[in-house]
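All values derive from a computational prediction rather than experimental measurement. Reminder, nothing fancy here: chain letters follow the sequence lines and each chain counts from 1.
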Protein chains: 4
Amino acid sequence: MQQVSSLVKTDRLVYFLAMPNATRRSERSRQAILTAALDLVEEAGYARTSIEGIAARAGVGKQTIYRWWPSKGAVLLDALLLPSEGDEGVEPLPDTGDLAADLKHVLRATVDELRNPRYDGPMRALATEILHDPALHVQWSERIDGPLTEIREVRLRSAQAAGELPADLDLALAIDLIWGPLFHRWLQGSGPLTAEFADAVVDSALDGLR
Amino acid sequence: MQQVSSLVKTDRLVYFLAMPNATRRSERSRQAILTAALDLVEEAGYARTSIEGIAARAGVGKQTIYRWWPSKGAVLLDALLLPSEGDEGVEPLPDTGDLAADLKHVLRATVDELRNPRYDGPMRALATEILHDPALHVQWSERIDGPLTEIREVRLRSAQAAGELPADLDLALAIDLIWGPLFHRWLQGSGPLTAEFADAVVDSALDGLR
Amino acid sequence: MQQVSSLVKTDRLVYFLAMPNATRRSERSRQAILTAALDLVEEAGYARTSIEGIAARAGVGKQTIYRWWPSKGAVLLDALLLPSEGDEGVEPLPDTGDLAADLKHVLRATVDELRNPRYDGPMRALATEILHDPALHVQWSERIDGPLTEIREVRLRSAQAAGELPADLDLALAIDLIWGPLFHRWLQGSGPLTAEFADAVVDSALDGLR
Amino acid sequence: MQQVSSLVKTDRLVYFLAMPNATRRSERSRQAILTAALDLVEEAGYARTSIEGIAARAGVGKQTIYRWWPSKGAVLLDALLLPSEGDEGVEPLPDTGDLAADLKHVLRATVDELRNPRYDGPMRALATEILHDPALHVQWSERIDGPLTEIREVRLRSAQAAGELPADLDLALAIDLIWGPLFHRWLQGSGPLTAEFADAVVDSALDGLR
DNA sequence: AGTTAAGCGAGACGGTACGTCCGGTCTTGAA
DNA sequence: TTCAAGACCGGACGTACCGTCTCGCTTAACT
């Protein structure tokens, strides 16, 4: 759920094949709905945001939402991806040859995004909603988590090739070890979520606590 | 949110002072409600569990729930603490002198608890509910997260005293680094949650990825 | 509250102007609600009839009742008017030229209606409900009591023109004197409510007790 | 329901025989309950007056009400009789030898009582409640309506003896004819309830409309 | 250019659950 | 034993939304 704003919708086509004739779709309404959804979640919180409320705020009939999205969470997922809509793919992680520096750069950016109230709320909501909604979890995995994992693994493999990391390192474990602490502090509030924390996580993860 | 079942209610007194006359409270109803809540969450999931449903299953008036708990999440929090109700305090982490071994023991136990369907569901629900409900977050912090952090810090300080960890180590960071990956994998499903994973997390956190 | 079944809704237009878009209203639901209301009041009495119960019996959502009626009494008022719904206006009282005979005819009919269990219960309920609910009282006055008073006055004026009643008679007083005793006996149970009683009331009211 | 304030409880004994040991009864609580009931009905109306509310206002436990009265209406009935509690019996109607004058006197007094907001509300409530509550109806008949009918019949019989009324007059009919119009206008609001109206009713009832 | 079928706004519909109020019963401790 | 206090089970309240549906209107695509 980090750097979401640079993701793209990778599977628009497949998504739309199961849908009504998308060519007739009102772009005006789509934008209004996604914007209204973000606004309401920011103002009132996810739990107090209803589809009825989104429709009213967007000046749209309820059916127009139900026609294009299966759930409130799905609307929000699209809303989060709104800024990165025109992008061609996920921007890869920086690769300057210095793994620690690159990771610190990325984690600092993530910290910034998590502290932006416009995205923090919806992302918290999504992160929790996918626990209860399998269909949403699939969307989340394919369109957000998958691409993020992909570019992270790319960077880590590059580090392995450069000898910065062991060749036999379990990449999934490495990702949990680097991004897990950030995630934990974000959701649990176990401490301040700062750039310094991001740096310390990277150093500790790479070199160990002792 | 791990090893919850060995926690105690640390602040019963304060809690009850703000409540209706607790001496007249029906212990029978209280037990029935907490049990029904766990049952329903296990059977149908948190989202499909309603207060009305809990009351019906417990054979209790709705008002009896509203009288003693402010929200569905608060009921669940008490329900999770039900097994540890008589305990005098939180059991401290094991301290054999071998930090890595002790942590592996603890994380394996946590993994077991997270895979127990009776507790996984409610704990997922709570972990997400506290993101939206500040009052619940306070309860969570005071009654679950705080005590857990406490015993973890105790064990880490002991390791510092024994020279196993640097004396100037940021303990909050250390906790995030050790328990964060577990938490991440639990909620994000980024990989299998196994005893082997627990072991690998401990080793990597202590010695670093490289 | 007599001869209700021959009344019409005199102010449909005004009534609907203040309502939700009435053109989309489900006639099926409306009928089901009114019928269920009458059934339940007949079976269980007004006090034990709940809006929830009406909705359940009618196979209708509660909101559908609350959308179109402000109170249980209002539903019942419409329910009482259901049989006369298509009528063009209130049927005038008979005018054969013999006031006493005509009034006896009318009062006997009223006695019959008040003894019909399907209407007696709801009408008792309404007659009492309007004492506590001003909005309902207005509806009652406009749609039931007003038209009834109107046709009674017409008949009495005709009698004045025919010289059967003094030209300066206070018509409101006359109506109270003729229908009041019936009303009193109906609600107070001060004696049997029979055709003979109706006849005696007419004779006594017209000629005096002494 | 007229001149209630001069009635007495005619059957205290019988009433109490079915009750808990009345000797222990707290007179202070009884007074407080009856007063609170009248107050609340006057302030908020009968429908919005709850037994719970009466208990709270009277500073009394709910059980104390349920112990001594079977229903809200029964409380109100006692409350209405509170002022006449010490009386020995119902005061007979005046008998000056002039029936019309005496009846006008009585009906004017009744009009005054019906216009007193402290009694109008409760009496309306009772008049309607007895329609739905048979047990209350019995109490009403025995303790209010019966005695009133009694003294009215006494006066009418006196008039028969004096030749002011036919010897074969149906007294129940006569009572309906005299008091019915008042009752009708009171509950239906079919016109102003004034002393003039009372006079006109007496004249018309005695001499006929024509 | 006219026809037609979709998407659209609006919002009524059958439902479920909410959180509250109160009914009538039961229990506790003080007087 | 009564009382004030108030917890208890239960049922109904009136409201908020759910997801589905139907109505006319608008609008784009294909005659």
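Heavy-atom neighbours of B/R118 CZ from other residues, nucleotides or ligands within 6.0 Å: above the threshold of 12.
Spacing between atom CH2 of A/W69 and atom P of F/dC18 amounts to 15 Å, rounded to whole angstrom units. For the pair A/R28 CZ and E/dG7 P, the interatomic distance rounds to 18 Å; values are reported in whole Å. Between the CH2 atom of C/W68 and the P atom of E/dG11 there is a distance of 11 Å, given to the nearest Å. Regarding B/R30, its CZ atom lies at a distance of 16 Å from the P atom of F/dA7, rounded to whole Å. Whole-Å rounding puts the A/I65 CD1 to F/dC17 P distance at 13 Å. In this structure, B/L40 places its CG atom 11 Å from P of E/dA17, rounding to the nearest Å. F/dT26 atom C1' lies 18 Å from atom CZ of A/R25, rounded to whole Å. Taking atom CD of residue D/E27 and atom P of nucleotide F/dC3, one finds them 11 Å apart after rounding to whole Å.
For D/V60, the listed nucleotide lying nearest its side chain is F/dA4; candidates were E/dC8, F/dA4, F/dC9.
For C/R30 and C/W68, the positive end is not near the middle of the six-membered ring at less than 6.0 Å and at most 45° from its axis.
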Problem set entry | Footprint string (nucleotides 20-28 of chain E, 5' to 3'): B base within contact, S backbone only, - free, heavy atoms under 4.0 Å | BBBBBBB-B
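For E/dG7, neither phosphate oxygen OP1 nor OP2 lies less than 4.0 angstrom from any side-chain nitrogen or oxygen of A/T64. Between A/S29 and E/dG7 there is no side-chain polar atom (N or O) within less than 4.0 angstrom of OP1 or OP2.
Checked by atom type and distance alone, the side chain of C/K72 pairs as donor or acceptor with a backbone atom of C/T49 at under 3.5 Å.
For the pair B/S71 and B/I51, the tightest heavy-atom approach, listed with the atom from each and the gap, is C-CD1, 4.5 Å.
Partners of A/R48 under the salt bridge (charged side-chain N to carboxylate O under 4.0 Å, His left out) rule, at least two apart in sequence or in another chain, do not exist in this structure.
Pairs engaging residues 130-141 of chain D under the salt bridge (Lys or Arg N to Asp or Glu O under 4.0 Å) rule: none recorded [sequence neighbours left out].
C/L131 places none of its side-chain heavy atoms less than 4.5 Å from the side chain of D/Y46.
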